[in-house]
Amino acid sequence: MTSNVLTDRFDRVHNYLRISLTDRCNLRCTYCMPALGMQFTRPEHLLTTPEILRLGKLFVGLGVDKIRLTGGEPTLHKDLPDIVSGLSSLDGLDHLTLTTNALKLPHMAAELKKRGLTGVTISLDSLKPDRFSQIARRDRIDQALAGIEAAIHAGFSPVKINVVVMANVNEDEILDFLRWGEDKPVDIRFIEYMPFPDTGWDKAGFFPYKEMRQRIESVYELTPMDNEPSAVGKGFTVKNSPMQVSFVTSMSESFCGNCNRLRITADGNIKACLFDDKEKTLRDVMRDGGSDDDLVQVIGRALQGKPYEHEPMDDLLKKDNRRMVAIGG
Ligand code: SAM
Ligand code: SF4
């Protein structure tokens, strides 16, 4: 069922919800967290598991058919298996997915699949141990690779691999990633580096989609897939390989016109656009005893305030936005 509440002023229907379970993480990726560390949200300010499940049910009733659990690092949430069970049993939810750095997947992937998780996206920015440690500020590449193996072994297919491509940092590994993925059921998603406050973003580090694609097509034959208009990534099949390749072109070719995504932060704010600093609390409505109708009013107002598109890349740092770790990617 779709409802008008999730349709914005530009007739975009929002059927995809990303819920951040925590702003904590067991890595400290340079592009996501400030070098000097950050103040994490106090536990009592985070949504509780019943609040997360209540919001999930409400949004699915309004027409959401895809939920992604994210963070911070969502596998650090002690109730993750129960949250997956609770959400996956909702009538009308077709996809329940997780974005993770995979460190904990060796012990969790099979269990999460059993509980109804339908897809996994894993971040991996380098295949070189030293470089992985520099980017993630933690020496954990072996666990991350073991987590990817566990996800494949559990039967997630394709396992999506997110690579944030940064000039003079890891852009020289684009073809290495294709060679690594060639015989695996993976979708390697090369993501343009996006500006968020206090993460040292510098335009010189930006590496555009067109150059990524050129580099790949000098060696591999890519065929465009039939992408849904709202898809975040432009997807391609690769000749003679089970691997897919996608490009997330948020900066050079923004896909705002077909955006169908909403976010709930770990502290319970609804955020209608990744780059919009305007948010509305759903947590406080619930804690003040608000009804589902009260929540729907707030959700409707957030949708109506959603801008048509985000500002150009050079203006995004002027906004008072959160960093990705506190939004939920
Ligand atoms: N911890 C999980 C992980 O790393 O997959 C989930 C949360 S993380 C914030 C979600 C996604 O956001 C990751 O794939 C990460 O690479 C991406 N991300 C974070 N900061 C980014 C930035 N500045 N530019 C592009 N992607 C970014
Ligand atoms: Fe943690 Fe994911 Fe951010 Fe890296 S990208 S610091 S793994 S939340």
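Every number for a ligand or one of its atoms is a count from 1 in the order of the listing.
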Main-chain N/O of [Y] paired to [X] side chain as donor or acceptor, under 3.5 Å:
| X | Y | value |
| --- | --- | --- |
| Arg24 | Phe40 | no |
| Gln244 | Gly235 | no |
| Arg12 | Tyr308 | yes |
| Thr118 | Leu96 | yes |

Stepwise salt bridge (Lys or Arg N to Asp or Glu O under 4.0 Å) test for Lys104 and Glu73: CA-CA 10 Å; Lys104 295 186 67 139; Glu73 178 45 45; over 6 Å; no
Of all the atoms in ligand 1, which lie at a distance below 4.0 Å from a heavy atom belonging to [X]?
| X | result |
| --- | --- |
| Gly72 | 1 (N), 2 (C), 6 (C), 7 (C) |
| Asn162 | 14 (O) |
| Thr99 | 2 (C), 5 (O), 6 (C), 10 (C) |
| Glu192 | 25 (C) |
| Asn101 | 2 (C), 3 (C), 5 (O) |
| Thr70 | 6 (C), 7 (C) |
| Val164 | 16 (O), 25 (C), 26 (N), 27 (C) |

Is any side-chain N of the basic residue among [X] and [Y] closer than 4.0 Å to the acidic one's carboxylate O?
| X | Y | answer |
| --- | --- | --- |
| Glu171 | Arg215 | yes |
| Arg131 | Asp125 | no |
| Arg287 | Glu51 | yes |
| Asp130 | Lys128 | no |

Residue, atom name and distance, where the atom is the protein heavy atom closest to atom 2 (Fe) of ligand 2: Cys25 SG, 4.4 Å
Top protein contact for atom 3 (Fe) of ligand 2, by heavy-atom distance: Cys32 SG, 2.4 Å
Lys NZ or Arg CZ of Lys66 over Tyr16 ring: under 6.0 Å, within 45°: yes
Lys113 to Phe156, cation-pi by 6.0 Å centre distance and 45° axis angle: yes
With nothing but distance in play, are any N or O atoms of [X] less than 3.5 Å from an N or O of ligand 1?
| X | value |
| --- | --- |
| Met194 | yes |
| Glu73 | yes |
| Ile191 | no |
| Tyr31 | yes |

Part of Asp125 with heavy atoms under 4.0 Å of ligand 1, whether side chain, backbone, both or neither: neither
Residue portion contacting ligand 1 (non-hydrogen atoms closer than 4.0 Å) for Trp201: neither
Subset of ligand 2 atoms that lie under 4.0 Å from at least one heavy atom of Asn101: 7 (S)
Region of Cys29 engaging ligand 2 - heavy atom pairs below 4.0 Å: both
Ligand 2 contacted by Ser123 (non-hydrogen, < 4.0 Å): no
Residue-ligand contact Cys29/ligand 1, heavy atom below 4.0 Å: no
Ring-ring centroid check Tyr31 Phe196, cutoff 6.0 Å: no
